[in-house]
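Residue numbers start from 1 in every chain, and the chains themselves are labelled A, B, ... in the order their sequence lines are given, proteins ahead of strands. Computed from a predicted model, the values in this text were never measured in an experiment.
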Amino acid sequence: MTAIIRIEQISEYVGQEVTIQGWVYNRTHKGKLVFLLVRDGYGFVQCVAFKNDLPEETFEEIVHITQESSVEISGLVRVDGRAPGIPGGFEIGITGIKVIQIADEYYPMSLKEHGTDFALENRHLWLRMPSQWAILRVRATVISAIREWLDTNGFINMDTPILTPAAAEGTTTLFGTPYFDEGIAYLAQTGQLYNEANIYAFKKVYCFGPTFRAEKSKTRRHLTEFWMVEPEVAFCDLDELMEIEEQFVSHIVRRALEERAPELASLGRDTSSLEMISPPFQRISYDEAVERIAEVREKTADPEEKEQLAFDWGGDFGAPHEIALTRQFDKPVFVYGYPTAVKAFYMEPWPGRPEVCKSVDLLAPEGYGEIIGGSERISDPALLLQRIHEHGLPEDAYKWYMELRRFGSVPHSGFGLGVERTVSWICGIHHIRETIPFPRTINRVYP
RNA sequence: UCCUCGGUAGCUCAAUCGGCAGAGCGGGCGGCUGUUAACCGCUAGGUUGUAGGUUCGAGUCCUACCCGAGGAGCCA
């Protein structure tokens, strides 16, 4: 047998005899000519069999092969502009085939379109489709780029607990689980508070793991289980935080463009809008954002849009507001200085303007909206204690958190980036449930 | 939790005014040497989400429920 290759490297094997191990994605037969579109986990390539070139029984076996059958195919690699695939433009002239298993002929995921419910019910098979395969390959690169940038910029990975004693921010609904004699433990919605402890040992840290929200959110931007990376930095104010974020996000986008161009092309993603992502990103205040949204609302003739864009200073933006705002920029945009009342208890107040705080969200362009939420944290122990009281949080649960402000407190900042929203934006897809292998939503825990 | 829309063959959908349950794809069989979700012919395939009601007759009308999607709130 010839060397087993990966389809993603097929361009290096033109003119050579190779073997691929994979699955039959589609079969088209035209009498004496058969096309098999085969995927091997690394890509999709067209394999061609001519009746006159092969033994009778080999050709018959190829003619009757079913979708998703597992195979080892040997043949000669050649360039052909007509050949579909990822990357396309190459095909293998079949000289030999070994069928590992003939798949059951009633494969449910036909190549025609499917409804959402059916696709999700068959997620374990849907993963094999080119679109899902491409999105999840981009996801893996995004995750790799996240770790790479942090690991090479002075950050150290510190895993924070998933089972936690109480609501970290006191607002979101959490999943609870019985925990021996300790009552209820809650699945983490953030590792931030623990990271605030970690920075005093390691200066720059990040946690990266699954995060859980029991909110009954039913939108294309929400999952009950999602992945979030949360860097936290000692001796860092809000301006320095924004510099970190724009470097970080630019690196992630660049890596995706470099390594996943065939996947992004197969998704039909116009990457020109991603090519221009580099620091700096524009910074606008919450006050300015409110004004910009009001201007858009003033100009629109559509009464429905006018209704949706109605907004009073003091609230948090909804999806229509974020879309109207981000359409004005071709790169991600920072919105800083949100009202203290709508943000978490630990955010540092704006000097001289206690009604707003040193928070910053990063909104992705093209209507994708918030991918990062972050802030400078309160470092003064007296103010922090006051906020805990104001928010009605149990003081004893935050005893350890308060102590961080007693022993060498420094200004510090951090943020959380949502992996699925970032992948949605980079891939240009509509719904974040496609950006995680097995999505968990309010109505679905299967498969 | 609220608002809107939907549920008919394995999948995607059609079925006029309440009047024989249909098509394409997918499966099987046959044909075709350049297909791109191929195409052509034949063929198999149905508890119309569930329960009740109106009617000579219900996929269609009424009531309740179940399930799903989109959005709002909340958030990354």
Would one find a side-chain N or O of A:Lys216 under 4.0 angstrom from OP1 or OP2 of B:U1?
->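 It does, given that an N or O in the side chain of A:Lys216 lies less than 4.0 Å from OP1 or OP2 of B:U1.
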Return yes if a side-chain donor-acceptor contact under 3.5 Å exists between A:Tyr401 and A:Glu196, otherwise no.
->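 A pair is found: one side chain offers a donor N or O, the other an acceptor, under 3.5 Å apart.
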Is there a donor in the side chain of A:Ser375 and an acceptor in the side chain of A:Arg377, or the other way round, less than 3.5 Å apart?
->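 Judged by distance alone, the side chains do pair up.
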Indicate, with a heavy-atom threshold strictly under 4.0 Å, whether [X] touches base, sugar-phosphate, or nothing.
{"X": "A:Gly369", "value": "nothing"}
{"X": "A:His222", "value": "base"}
{"X": "A:Pro130", "value": "nothing"}

Once side-chain contact (heavy atoms from CB on, under 4.5 Å) is applied, do any residues pair with [X], and if so which ones, sequence neighbours excluded?
{"X": "A:Asp237", "result": "A:Asp239, A:Glu240, A:Glu376"}
{"X": "A:Glu57", "result": "none"}
{"X": "A:Lys218", "result": "A:Ile442, A:Asn443"}

Go through the N and O atoms of the side chain of A:Ser217 and the base of B:C74, and report whether any donor-acceptor pair is under 3.5 Å.
->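 Checked by distance alone, the answer is yes.
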Quick one: does A:Glu105 reach the base of B:G10 with a side-chain donor-acceptor pair under 3.5 Å?
->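 Between B:G10 and A:Glu105, which were checked side chain against base, a qualifying N/O pair under 3.5 Å is absent.
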Quick one: ring pair (Phe, Tyr, Trp, His ring centres under 6.0 Å) partners of [X], sequence neighbours excluded?
{"X": "A:Trp350", "answer": "A:Tyr336"}
{"X": "A:Phe248", "answer": "A:Trp149, A:Phe415"}
{"X": "A:Tyr286", "answer": "A:Trp313, A:Phe317, A:Tyr338"}
{"X": "A:Phe118", "answer": "A:His114"}

Salt bridge (charged side-chain N to carboxylate O under 4.0 Å, His left out) involving A:Arg292 - partner list, sequence neighbours excluded |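 Expected list: A:Glu288.
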Among B:G28, B:A37, B:G70, the nucleotide that comes nearest once only the side chain of A:Asn26 is considered |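 Closest nucleotide among those given: B:A37.
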Compare the ring of A:Phe226 with the six-membered ring in the base of B:A76 and state whether they stack (centres under 5.5 Å, planes under 30°).
->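 Per 5.5 Å and 30° rule: yes, stacked.
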Sticking with atom C1', work out how far B:U12 lies from B:C75, rounded to a whole angstrom.
->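 One C1' to the other, the span is 34 Å.
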Say you pick atom C1' in B:G28 and the same atom in B:C20; how far apart are they, in whole Å?
->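 That atom pair is separated by 28 Å.
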N/O-N/O pairs, protein side and nucleotides 66-68 of chain B side, under 3.5 Å:
unit_1, atom_1, unit_2, atom_2, d
B:G68, OP1, A:Asn443, O, 3.0

In what stems does RNA chain B take part, counting only runs of at least 3 consecutive Watson-Crick or G-U pairs whose two distances fall under 3.5 Å?
->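 The stems that RNA chain B takes part in, listed by first number, are B:1-7 with B:66-72, B:10-13 with B:22-25, B:27-31 with B:39-43, B:49-53 with B:61-65.
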Along RNA chain B (nearest heavy atom to each residue), the more 5'-positioned of A:Ser110 and A:Lys343 |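 Nearest nucleotide further toward 5': that of A:Ser110.
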Tell me which of A:Leu223 and A:Arg82 sits closer to the 5' end of RNA chain B, going by the nucleotide each one is nearest to.
->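 Nearer the 5' end of the strand: A:Arg82.
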Is there side-chain contact between A:Ile277 and A:Pro332, with heavy atoms separated by less than 4.5 Å?
->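 A side-chain contact under 4.5 Å exists here.
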Quick one, which residues of residues 43-70 of chain A touch RNA chain B with a heavy atom under 4.0 Å?
->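 By residue number: A:Gln46, A:Phe50, A:Asn52.
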Let me check something: any side-chain donor-acceptor pairs from residues 43-50 of chain A under 3.5 Å, sequence neighbours excluded? List them with distances.
unit_1, atom_1, unit_2, atom_2, d
A:Gln46, NE2, A:Glu91, OE1, 3.1

